Number of protein chains: 2
Amino acid sequence: MKDSVEDAVKERAEGKPLGKRERTKINNREAILQAARGVFADLGYGATTVRDIIRRTGLASGTFYNYFRSKEEVFEALMDEGMRRIRPRLRAERIRSRTFEDFIRNALHAYFEYLASDRETFEVMRRNPNTVRVRMETAEMIAGFEEIREYMEEDIRNGTLPPVDSEYLMASVVGLAMEMGDRMIARDNVDPAAAAEFATALVLGGFHNLPVAGTAPAASGANDRKDDGK
Amino acid sequence: MKDSVEDAVKERAEGKPLGKRERTKINNREAILQAARGVFADLGYGATTVRDIIRRTGLASGTFYNYFRSKEEVFEALMDEGMRRIRPRLRAERIRSRTFEDFIRNALHAYFEYLASDRETFEVMRRNPNTVRVRMETAEMIAGFEEIREYMEEDIRNGTLPPVDSEYLMASVVGLAMEMGDRMIARDNVDPAAAAEFATALVLGGFHNLPVAGTAPAASGANDRKDDGK
DNA sequence: AGACAAAAGTGAATCAACGTCAACTTTGAG
DNA sequence: CTCAAAGTTGACGTTGATTCACTTTTGTCT
């Protein structure tokens, strides 16, 4: 809520003359997200209340609703944020990878590295007093997964990947990576490289033997995102 | 709430003289679970309230709390129920499977078959007006996963599986199966055999190449990946 | 600088759902 | 038939969600 030095710096750096109003808006939003991260981690998604979150920010309860409509929406924003950080990395790996194998290897490395570096954020999803693991399928997430599937489709077209069921393959890799990621994060010493090696070996060892799909669901309008009115 | 004919039948068959009291207790519990299944499917986990559930049963609100302490606990019971149905099948497959490969193949088949048959229950976990997917890590679930890991450990001991990181391997298979299962269920025509083939090929193709525990490929520079030219 | 309108923040008030409990009903044992 | 125990009921006090009239802050125009 206080204009920070960084704001001024950032502002200058970006050449954007942000007004104070916009700056506090950004700051408040960030403060809420940050607080939410902490509360979710402490109490678990189910147990946290909107008030727990705003209490940590020092803002008034009403202010919360200027930024988010519910705790669900905050959570969604957190997930989106994570996905938005990962996607460009995956895209970069995609670009520098010439074959499907390269891509899988590089992408898995990137994913586990990222996870290890942003541990805090992702612990949100599992942590707690007790047991409810929550995953949110945000637009950003769906798009991210879909992008991966697209890459696979491309590789099928250009021949580095046999014509397998790309939805299943994407789901396999994603499911495997996420579940392994959870375990990795829970370990005492997190070793993303080892996790990546493991996952890579499993996926790459097997993909040649996959049943070839005459059956692949033909991604009707693959890319068109449904506008989720929200 | 009404003593059904089946009750009498079951009672006789089992030789258990259930009193009316016990019968209604069972019936009420079942009614609540059944109602919950429906409500969760209709509204999604997040949006449903305890009262939505009991309303469907015709019982009074207070009665709910004689059976469960919260909606979380009902959900947990539903998950447990699913897991309790699957576990014996997996155990059976385990017994009749002589090698790791057999086990994986048979277990995956069993899992996808089951999922297809009990579609309704598992849609609970994903379904809704909107986007929050909830997974619950119940004791039963953890135990089920752990059991799978045990099997893998055994196979390592008896040599049909190299000494890989069994937690990661279990997590991989579980994550892959669950994520694929979600997709399978969402498809228009559910084909568990195809899904099982796919998953089996992927897992079995790759497990020989997995890094052996303790011997994890010594990523000299964990970060730099082999990137042949480019 | 001063005045004003728009934007954003505030917290008391309202509302919805939770979970409890005293009173009531049903069951089963004697 | 009687009675205590088990179980059900729904009204009630709580807690947290959400709204909104009011205040404060900011940016703009003179």
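The sequence lines fix the lettering, A, B, ..., with proteins before strands; numbering per chain opens at 1. Worth saying up front: this structure is predicted, and the values here are computed from it rather than measured.
Between A/I54 atom CD1 and C/dA12 atom P the separation is 13 Å, expressed in whole Å. Rounded to whole angstrom, the span from the CG atom of B/L59 across to the P atom of D/dG7 amounts to 14 Å. Remark: P of D/dT18 and CD of A/E72 are 10 Å apart, rounded to the nearest angstrom. As a whole-Å value, the separation of B/N27 CG from C/dT26 C1' is 15 Å. Here C/dC18 presents its C1' atom at 13 Å from CD1 of B/I53, a figure rounded to the nearest Å. Between the CD atom of B/E22 and the C1' atom of C/dA29 there is a distance of 14 Å, given to the nearest Å. Here the C1' atom of nucleotide D/dC20 and the CZ atom of A/F64 are 17 Å apart, to the nearest Å. Atom CG of B/L43 is separated from atom C1' of C/dA17 by 14 Å (rounded to the nearest Å).
Remark: A/F112 engages no residue in a ring pair (Phe, Tyr, Trp, His ring centres under 6.0 Å) (not counting sequence neighbours). Scanning for side-chain hydrogen bond (donor to acceptor under 3.5 Å, both in side chains) contacts around A/R29 gives an empty result, with sequence neighbours left out. Residues satisfying the side-chain hydrogen bond (donor to acceptor under 3.5 Å, both in side chains) criterion with A/T49, sequence neighbours excluded, are A/D52. Under the rule for a side-chain hydrogen bond (donor to acceptor under 3.5 Å, both in side chains), the partners of A/Y67 that lie at least two apart in sequence or sit in another chain are A/N28. Residues forming a side-chain hydrogen bond (donor to acceptor under 3.5 Å, both in side chains) with B/E150 (at least two apart in sequence, or on another chain): none.
No side-chain donor-acceptor contact under 3.5 Å links B/K71 to the backbone of B/I53.
A sub-4.0 Å separation between OP1 or OP2 of D/dT8 and a side-chain N or O of B/N28 is present. The shortest distance between the side-chain N/O atoms of B/K25 and the OP1/OP2 oxygens of D/dA6 is not below 4.0 Å. The shortest distance between the side-chain N/O atoms of A/N66 and the OP1/OP2 oxygens of C/dA7 is not below 4.0 Å.
Across all strands shown, B/F68 has no heavy atoms under 4.0 Å from either base or sugar-phosphate atoms.
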(request) Do nucleotides 19-25 of chain C as a string where each nucleotide becomes B, S or -: B if the base has a protein heavy atom under 4.0 Å, S if just the sugar-phosphate does, - if no protein is that close. (result) BB-----
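Between A/E147 and A/R149 no salt bridge is recorded (no basic side-chain N to carboxylate O distance below 4.0 Å).
Mapped onto DNA chain C by nearest heavy atom, B/R21 and B/T49 fall at different nucleotides, with B/T49 at the one closer to the 5' end.
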